[in-house]
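So that the names make sense, note that chain A is the first sequence line, chain B the second, and so on, each numbered from 1. Values below: all heavy atoms of this structure, side chains included; hydrogens, waters and symmetry mates excluded.
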Amino acid sequence: MENFEDTKIYIYLLLAGLSLLWIVVGIYLGRKSKDLESFVLCNRNVGLALGSATAVATWITSNTTLLAPQFAIQLGVWGMIAYSTASFGLLLFAPLAKRIRLLLPDGFTSGDFVRMRYGWFVWAIFILISIFYAVTWLISMGMAGGLLLKAIAGVPYFIGMSAILGTCVVYTLFGGMRAVIGTDFVQTVVILVGVTFLGFTILQRFDLIQVYDGVSENRPALVWVMLPAAIMSVFNNLLFGVGEIFHSNVWWSRAFAIREGLGKWCYFLAGIIWLPVPIAAGFIALSADVLGVNITSADMVGPLVAVKLLGQTGTILIFVIVYCSLASSIDSLLAATSDLVANDIYRKLFNPSASHQQVRRAIPYIILSIGFTAWIICSFNNSTLAEVLFFAGPMVGSIIWPILAGLYWKRATSLGAALGMILGSVIGLIAYFQIGWFVASLVGTFVSMIVVILSALVNKHPFNWNLVGPTSQRAEVK
Amino acid sequence: MSFSLELFQVLIFVSLTGTSLAIVALITMLVIEYRRGKLW
């Protein structure tokens, strides 16, 4: 992995070529996005293929392609299964996507729902957590871009980070949601082809018995059924995934953008497509022993195996997979966060009388501001900043129940939602520091659940959706 | 107690086959929706 001189020129050409490709494709696809609904939500008319692929692509981050192999090599078979449970977030969001469109036929963001259902105080807590999570995720992705392209192909951190962030900012800026969803489709196919190709290449050289024996002999714990930390990580990953998807505007904006009646199918299909990807990626790592790979650092096991298998072609393949994984998440974060800031901060707080055209004109400045802020922070290359994302686990876990109860349970209260988010976050963070990362989301979600359920049980004034907000296009809610 | 070889084989086979089928399904859906003018 350290000798990059032979491939240096190809890597730089590839970096420039991929960046240019996404910019051209993104701008071309988004060329007709002039008004707000078109730019932000594709006129609420996205079909099954693009709707499913964008959910898959956004959920496949660099973590999926690189952390899943690391999970496999550290936590074994349970580690792969644990990572794949993140797909439950997509599967469980499927019915919610349908409900969201029913309750908010004209909605733009997750903030719209929280404000209408629970009021301004809960909305403020929700927006704080949501924007904190989105920005830290964006920064962690930008930093991961710089670090990974350096580790995989020797591209200097600053160049790699700037290229990925800059590319995504440019095509999101000019193409909006259409650019994001269109490029997501291509990126999904590239990632899936890359991971599958690596898996089948391993199977072509060794049979599964050899791989299994290699793991059993060299790292027997990885095939143990009872590996407590790994089993706990299954629940933690599942809840982190569910919490992240339930609250984040990245997923809500897609629920609003997908054609009516298709939302649940898009998310269901995306969950099914995503489910085997971490296992396929993890399998690459488990073949390290039979390939005789010397694992110098667990987080680079995927690239190490690819290079051992395919030589320089492996470097290029992993480079493309990682670039696509990062770009597909960064562009979605940029689009959804700018949408959230424009509609929930600019329109609701600073300019309540703003027309759709005014909000549309504000969005490019917001995208540029978010992109520039992320770029400045990423330039410091401070690894502790990226670790901040892990603190978000209990925070997003504590939002699961307020969102779920708000969507389906008339007796859920604003006080319960607020206390659930605050207490769930605080106690979850205490568990993070006192016990470990693998229980933080679990504790945050559990505390929030208790608070939300108890407050709903004692509430005697059920909420009525039919009396709230613009109801002209909303069917009667039961 | 360890995961059996058979279970390991099933897990890997299903995941690799699943990702292959996903590629085919996505491209097929894209072509069908494009032809019907229902892409977005």
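Highest contact tally toward chain B, considering only G47(A), P220(A), S84(A), P278(A), is held by G47(A) [criterion: heavy-atom pairs under 4.5 Å]. In terms of non-hydrogen atom pairs under 4.5 Å with chain B, the most contact-rich of I81(A), I272(A), V223(A), V193(A) is V223(A).
Only the backbone of S4(B) comes within contact range of chain A, with at least one heavy atom under 4.5 Å from a heavy atom of that chain. Heavy atoms closer than 4.5 Å to chain B are found nowhere in L275(A), neither backbone nor side chain. No part of I202(A) comes within reach of chain B, as not one of its non-hydrogen atoms sits under 4.5 angstrom from that chain. For L269(A), the part lying under 4.5 angstrom from a heavy atom of chain B is the side chain only. Only the side chain of T188(A) comes within contact range of chain B, judged by heavy atoms closer than 4.5 Å. Neither the backbone nor the side chain of R44(A) comes within less than 4.5 Å of any heavy atom in chain B. With a 4.5 Å cut-off on non-hydrogen atoms, L286(A) touches chain B through its side chain but not through its backbone. Looking at F185(A), the atoms closer than 4.5 Å to chain B (heavy atoms on both sides) all sit in the side chain, from C-beta outward. Both the backbone and the side chain of I27(B) come within contact range of chain A, judged by heavy atoms closer than 4.5 Å.
Taking CG from D339(A) and CZ from F108(A), the interatomic distance works out to 7.5 Å, rounded to the nearest 0.5 Å. Note that SG of C266(A) and CZ of R254(A) are 11.0 Å apart. Values are rounded to the nearest 0.5 Å.
The number of heavy-atom neighbours closer than 6.0 Å to OH of Y28(A), taken from other residues, nucleotides and ligands shown, is 12 or below. Heavy atoms from other residues, nucleotides or ligands lying under 6.0 Å from CD of E260(A) number 12 at most.
Aromatic pair Y83(A)/F71(A): ring centres closer than 6.0 Å.
Of the possible polar contacts, none joining the T54(A) side chain to the G51(A) backbone as a donor-acceptor pair under 3.5 Å is found.
Among V46(A), L48(A), L50(A), the single residue meeting the side-chain contact (heavy atoms from CB on, under 4.5 Å) criterion with E33(B) is L48(A).
Classified by interplanar angle (parallel below 30°, tilted 30° to 60°, perpendicular above 60°), the ring pair W274(A)/W59(A) is tilted.
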